[in-house]
Amino acid sequence: MKVIVNGAQGRMGKELLSSIASGYCGAELVAAVDITMPEVDAPAYSSLADVEEQADILIDFSHHSATDKVLAFALERKMPTVIATTGQTDEEKAAIEVASRKIPLFYSGNMSIGIALLVSLVKATIQVFPDADVEIVETHHNQKLDVPSGTALMIAKGIEDVRQNTTLCIGRHENGKRTAKEIGIHSLRLGNEVGTHEIIIATGAETITLKHEAENRSLFANGALAAAKFLEGKPAGLYSMQDII
């Protein structure tokens with residue numbers, strides 16, 4: 001599987017290069033792209049538009065503001081693409097949806113298979129306890145840009161899929177009673193925390209807590225490569241971690 005990495009010099013881009021170098025999923029780096037020219041054992045570019053190499057897959061770990069450029073490159077090459085960034089605007093999400101009608105695209109708020117399983121468990125629990133109070137607490141490192149995290153929003157979206165008329169309360173900050181179908185989301189930014197997501201589901205008689213802790217960033221890089229492998233041979237469409245599990 002020949003891979004082009006966009007955002008190769010970022011925190012996750014470097015993790016992805018390391019996973020590729022280890023041979024994970026049989027991946028082979030054919031080009032690396034970053035605004036700061038990456039130093040890799042492969043052709044390196046500062047812009048996707050300059051890439052000449054042929055590849056099986058593009059993996060983007062850059063920044064959501066690059067979504068339009070990533071999609072333009074992928075559409076021109078008819079190249080399956082894994083979009084591993086988070087924080088997309090509504091317009092950028094709409095552009096991803098439109099592009100997925102022409103090429104296979106993998107887009108997820110979190111590239112961890114464990115998180116995908118967590119979402120499934122949360123949905124199953126809410127179906128059993130449809131009237132329970134739900135709170136999501138997410139913790140990340142102090143340099144993370146998007147608040148709340150894409151993962152927290154992905155978990156909330158999973159709950160919305162199985163519970164009607166939900167409302168999001170992001171960072172509760174005013175006096176007032178909790179509403180019946182409210183989903184609270186609380187964001188902590190501390191030190192070098194990789195990522196912890198805790199979902200508290202309380203009925204008043206009992207409480208269920210579901211929690212996922214990322215111990216290092218390699219799981220996200222490996223998840224992105226697993227997603228790339230999953231896209232092989234797939235028709236045009238929009239895919240996510242839920243499709244893998």
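Contact of the Glu97 side chain with the Leu238 side chain is registered, since non-hydrogen atoms from C-beta on lie closer than 4.5 Å. The shortest distance between side-chain heavy atoms of Met241 and Ile113 falls below 4.5 Å. No side-chain heavy atom of Lys234 sits less than 4.5 Å from a side-chain heavy atom of Pro80. You'll find the side chain of Met79 reaches within 4.5 Å of the side chain of Ile4, heavy atoms only. No side-chain heavy atom of Thr67 sits under 4.5 Å from any side-chain heavy atom of Asp60. Considering only heavy atoms from C-beta on, Lys102 comes within 4.5 Å of Leu75 through its side chain. Contact of the His197 side chain with the Met154 side chain is not registered, since no non-hydrogen atoms from C-beta on lie closer than 4.5 Å. For the pair Phe129 and Ile208, the minimum side-chain heavy-atom distance is below 4.5 Å.
Atoms CZ and CD1, from Phe220 and Ile115 in turn, are 7.0 Å apart once rounded to the nearest 0.5 Å. Note that CD1 of Ile35 and OG of Ser62 are 8.0 Å apart. Values are rounded to the nearest 0.5 Å. To the nearest 0.5 Å, atoms CG (Asp243) and OG (Ser108) are separated by 9.5 Å. Here NZ of Lys14 is found 14.5 Å from OG of Ser19. Values are rounded to the nearest 0.5 Å. Interatomic distance, CD of Glu160 versus CD1 of Ile126, reported as 11.5 Å (0.5 Å rounding). Atom OH of Tyr107 and atom OG of Ser240 lie 11.0 Å apart (nearest 0.5 Å).
Under a hydrophobic-cluster definition in which Ile, Leu, Val, Met, Phe, Trp and Tyr are linked whenever side-chain heavy atoms come within less than 4.5 Å, directly or via other members, Leu16 and Leu58 are assigned to different clusters. Both Met111 and Leu225 are assigned to one and the same hydrophobic cluster, defined by single-linkage of ILVMFWY side chains at heavy-atom distances under 4.5 Å. If you chain together hydrophobic residues whose side chains sit under 4.5 Å apart, Val5 and Leu48 never meet in one group. Hydrophobic clustering keeps Leu153 apart from Val137 (ILVMFWY residues linked when any side-chain heavy atoms are closer than 4.5 Å, directly or through intermediates). At a threshold of 4.5 Å between side-chain heavy atoms, the hydrophobic network of Ile, Leu, Val, Met, Phe, Trp and Tyr places Leu210 and Val128 in one connected group.
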Side chain to side chain contact (heavy atoms under 4.5 Å, CB included) assessment of Arg178 paired with Arg172: CA-CA 10 Å; Arg178 194 183 199 287; Arg172 189 176 289 107; 3.9 Å; yes
Candidate pair Glu138 and Arg189, rule salt bridge (Lys or Arg N to Asp or Glu O under 4.0 Å), full reasoning: CA-CA 9 Å; Glu138 56 100 348; Arg189 297 293 177 262; 2.8 Å; yes
Full working for side chain to side chain contact (heavy atoms under 4.5 Å, CB included) between Ile199 and Leu118: CA-CA 9 Å; Ile199 302 88; Leu118 176 70; 3.6 Å; yes
Chi angles and distances behind the side chain to side chain contact (heavy atoms under 4.5 Å, CB included) call for Gln54, Val30: CA-CA 8 Å; Gln54 297 298 313; Val30 298; over 6 Å; no
His140 and Thr151: CA distance, side-chain angles, deciding distance, side-chain hydrogen bond (donor to acceptor under 3.5 Å, both in side chains) verdict: CA-CA 11 Å; His140 285 88; Thr151 305; 5.2 Å; no
Full working for side chain to side chain contact (heavy atoms under 4.5 Å, CB included) between His63 and Leu145: CA-CA 10 Å; His63 188 267; Leu145 297 177; 3.9 Å; yes
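One N or O on the side chain of Arg163 and one on the backbone of Pro130 form a donor-acceptor pair closer than 3.5 Å. Side-chain N or O atoms of His141 include one that pairs as donor or acceptor with a backbone N or O of Lys144 at under 3.5 Å. At distances below 3.5 Å, not a single donor-acceptor pair connects side-chain atoms of Gln9 with backbone N or O atoms of Asp34. A donor-acceptor pair is defined here as one N or O able to donate and one able to accept, closer than 3.5 Å; such a pair exists between the side chain of Gln242 and the backbone of Ala116. At least one donor-acceptor pair closer than 3.5 Å links the side chain of Thr203 to the backbone N or O of Glu206. In this structure, the side chain of Thr85 does not engage the main chain of Ile83 through any donor-acceptor pair within 3.5 Å.
Of all heavy-atom pairs between Val194 and Ala214, the closest is CB-O, 3.4 Å. Nearest heavy atom pair, residue Lys181 against residue Asn165, reads CB-O, 3.3 Å. Nearest heavy atom pair, residue Ile245 against residue Ser120, reads CD1-OG, 3.3 Å. Taking all atoms of both residues into account, the shortest heavy-atom contact from Met1 to Cys25 is CE-O, 4.0 Å. Residues Ala31 and Val51 approach most closely at CB-CG1, 4.1 Å, considering heavy atoms. The two residues Ile136 and Ala156 make their nearest non-hydrogen contact at CD1-N, 4.0 Å.
With Ser112 as reference, Leu219 is the one residue of Asn222, Leu219, Leu117 to meet the side-chain contact (heavy atoms from CB on, under 4.5 Å) rule. Test Leu231, Leu71, Val70 against Leu105 for side-chain contact (heavy atoms from CB on, under 4.5 Å) and you get one pass: Leu71.
Other residues, nucleotides and ligands place more than 12 heavy atoms under 6.0 Å from the CD atom of Gln127. Remark: Asn142 CG is packed, more than 12 non-hydrogen atoms of other residues, nucleotides or ligands lying under 6.0 Å away.
Residues His173 and His186 place their aromatic rings such that the two centres sit no closer than 6.0 Å.
Remark: Glu53 does not engage Lys2 in a salt bridge, criterion side-chain N to carboxylate O under 4.0 Å.
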